[in-house]
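Worksheet: one structure, shown below.
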Amino acid sequence: MNNTEQIINLGKENVMNTYGRLPMALIKGVGTRVWDSEGRSYLDFVTGLAVTSLGHSHPAIVETIKEQASEILHTSNLYWIPNQVRLAKLLTDNSFADKVFFCNSGAEANEGAIKLVRKYAKKNYGEDKYKIVSLKNSFHGRTLAALSATGQFKYHQGFEPLPIGFSHIEAENLIELQQAVDQNTAAVIIEPIQGEGGVHPITKEFLLSTKQLCEKHGALLIFDEVQCGLGRTGKLFAYEWLDVTPDIMTVAKALANGVPIGAILASAKVADTFQPGDHASTFGGNHLSTAVGCKVMEIMTGEGFLAEVETKSSYFRDKLQELADKYKLEGTVRGLGFMLGLPVQEKGPEIVQYCSDKGLLINCVGGTTLRFLPPLTVSMKEIDEALAILEQAFKEKLQNK
Ligand SMILES: *Cc1c(COP(=O)(O)O)cnc(C)c1O
């Protein structure tokens with residue numbers, strides 16, 4: 001089925017209408033490049049929203065999937081799964097964490113993390129310690145508890161009553177922080193760089209104050225690195241840029257380069273709260289997703305990989321800022337590594353459309369911030385190509401402001 005109109009019509013008839021989709025279907029990808037069902041090609045600076053970080057059809061990923069598919073795809077967590085054990089070891093060897101739980105998505109990872117901190121708090125401090133504090137403008141997923149942690153009212157609307165015990169404070173507001181975190185707080189959950197909220201990095205100072213306040217009140221600190229983790233910022237995990245180590249970290253998107261997976265990473269004292277029967281996931285950590293996860297981790301921790309991400313992304317960032325200055329944009333480039341945002345006021349959707357027409361896929365968050373999430377494997381030539389299209393777009397859409 002390659003006729004775009006036919007795909008769209010059938011989709012409208014048969015798929016629930018939950019997404020505002022562009023009228024196109026991408027059906028093939030190699031590296032940074034993707035092709036739509038009309039045969040047009042694009043540079044993919046969206047990467048399924050920070051998922052295909054090693055690019056499309058990466059030969060080592062394709063090989064791993066083929067090999068694993070011909071061995072065994074799925075058993076149950078009633079039995080040990082060698083790849084799951086191997087991936088857990090790779091994750092604990094390369095982070096603060098001692099233990100890992102595997103699931104299938106970012107929301108599911110956060111949902112599990114919320115259960116983990118609730119149980120930990122009740123067991124160690126008593127029944128009243130269950131409150132979860134998060135930030136306004138945050139995004140933690142669409143399941144009910146993850147949604148309750150998400151600090152954006154527009155996503156809550158219509159789904160009340162939501163689970164209780166959640167509150168949201170302004171990022172960088174120390175007074176609100178001190179008022180919100182008390183002896184009944186089980187955890188604070190924060191994205192070190194807010195993604196869906198518009199690419200807003202949280203300052204080291206605020207995160208350090210949060211950590212200190214958590215320690216004072218026996219609360220746990222969860223970092224949601226579902227989007228900013230796994231090489232995206234130029235380090236394997238975003239917390240490595242900070243002087244703050246969380247007690248729990250959730251990851252998902254890029255961990256298996258497009259095969260669904262999520263994970264909760266935790267220190268031993270927290271992780272050991274979960275006992276047999278407390279939490280589970282049928283598909284979580286199955287042979288296929290964890291085989292691919294291991295390959296992704298091997299590649300990302302390989303010699304020079306992250307250093308190259310830093311070099312290429314700082315080049316891209318500098319050039320992007322030059323464009324912003326040249327076209328007199330008010331804001332500056334935000335973010336870290338290859339997780340970058342540029343505010344363009346109300347011109348966002350028009351610029352996204354223009355770039356798409358010229359062969360560059362980018363995304364716009366909140367209607368006002370262009371978000372750039374190229375594959376970490378993008379070449380300098382492709383970066384230059386993308387910048388040239390962006391410049392055309394700015395010339396066309398921003399010149400007459
Ligand atoms: C995407 C995202 C989620 C939700 O992940 P899903 O896999 O869509 O459930 C949670 N937190 C952050 C920071 C995200 O970017």
Side-chain angles (χ1 to χ4, degrees), residues 16 18-21 45-53 101-117 132-152 154-156 159 162 166 168 171 187-202 207 221-233 237-239 241-242 246 248-265 281 283-286 289 292-293 296 334-341 363-366 369 371-373 376:
M16 285 199 201
T18 57
Y19 302 101
R21 299 181 203 259
F45 275 43
V46 175
T47 53
L49 293 162
V51 169
T52 51
S53 284
F101 175 87
F102 290 101
C103 52
N104 310 287
S105 70
E108 196 187 350
N110 287 330
E111 199 79 16
I114 290 165
K115 281 179 71 181
L116 180 60
V117 298
I132 313 279
V133 176
S134 60
L135 299 184
K136 288 187 177 147
N137 201 39
S138 61
F139 185 85
H140 299 295
R142 305 298 197 126
T143 55
L144 278 173
L147 183 65
S148 304
T150 294
Q152 300 189 59
K154 65 177 183 199
Y155 293 134
H156 295 176
F159 301 109
L162 296 177
F166 292 84
H168 312 96
V188 178
I189 177 167
I190 295 180
E191 300 157 85
I193 303 174
Q194 293 184 333
E196 306 303 308
V199 194
H200 292 282
I202 309 301
L207 293 171
L221 180 60
I222 307 170
F223 277 174
D224 177 345
E225 294 218 15
V226 167
Q227 187 164 150
C228 64
L230 293 155
R232 190 43 57 190
T233 64
F237 299 110
Y239 81 85
W241 290 105
L242 310 163
I248 298 174
M249 174 170 69
T250 53
V251 296
K253 290 190 163 96
L255 183 54
N257 210 55
V259 178
I261 192 169
I264 308 168
L265 283 68
S281 173
F283 293 121
N286 87 3
S289 63
V292 181
V296 168
R334 294 193 297 259
L336 216 52
F338 275 134
M339 181 172 177
L340 296 175
N363 153 259
C364 171
V365 269
T369 299
R371 178 168 47 168
F372 303 95
L373 298 163
L376 308 181

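Note that ligands are numbered from 1 as they come in the structure, with each ligand's atoms numbered from 1 the same way. Computed from heavy atoms alone, side chains included, the values below leave out hydrogens, waters and symmetry copies.
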query = Is Ala107 in polar range of ligand 1, meaning some N or O pair under 3.5 Å apart?
reply = yes

request  = May I ask whether Glu108 places a heavy atom under 4.0 Å from ligand 1?
outcome  = no

task = May I ask you to list the atoms of ligand 1 that are less than 4.0 angstrom from any heavy atom of Ser105?
result = 7 (O), 9 (O)

message = If we ignore hydrogens and angles and just use 3.5 Å, is the side chain of Ser138 paired with the main-chain N or O of Gly151 as donor and acceptor?
response = yes

message = Checking contacts here: is it the side chain or the backbone of His140 that comes within 4.0 Å of ligand 1, counting heavy atoms only? Could be both or neither.
response = backbone

ask   = For atom 5 (O) of ligand 1, which protein heavy atom lies nearest, and how many Å away is it?
value = Gly106 CA, 3.3 Å

inquiry  = I'd like to know whether Val365 forms a side chain to side chain contact (heavy atoms under 4.5 Å, CB included) with Asn363, so could you lay out the CA-CA distance, the side-chain angles of the two residues, the decisive distance to 0.1 Å, and finally the verdict.
reply    = CA-CA 7 Å; Val365 269; Asn363 153 259; 4.0 Å; yes

remark   = closest protein heavy atom to atom 11 (N) of ligand 1 is Asp224 OD2, 2.8 Å

key: Donor-acceptor under 3.5 Å (Thr250 side chain, Ala109 main chain)   = no

ask   = Does Ala252 reach ligand 1 with a nitrogen or oxygen that is under 3.5 Å from one of the ligand's nitrogen or oxygen atoms?
value = no

request  = With heavy atoms under 4.0 Å as the rule, classify the contact between Lys253 and ligand 1 as side chain, backbone, both or neither.
outcome  = side chain

task = Going by the side-chain contact (heavy atoms from CB on, under 4.5 Å) test, name the single residue among Val117, Asn110, Ile114, Asp224 that passes it with Ile248.
result = Val117

Within reach of ligand 1, part of Thr250 (heavy-atom separation under 4.0 Å) = neither

note = In Leu336, Thr47, Ile193, the residue satisfying side-chain contact (heavy atoms from CB on, under 4.5 Å) with Arg232 is Thr47

message = Can you tell me how the ring of Phe139 sits relative to the ring of Tyr155, calling it parallel under 30°, perpendicular over 60° and tilted otherwise?
response = perpendicular

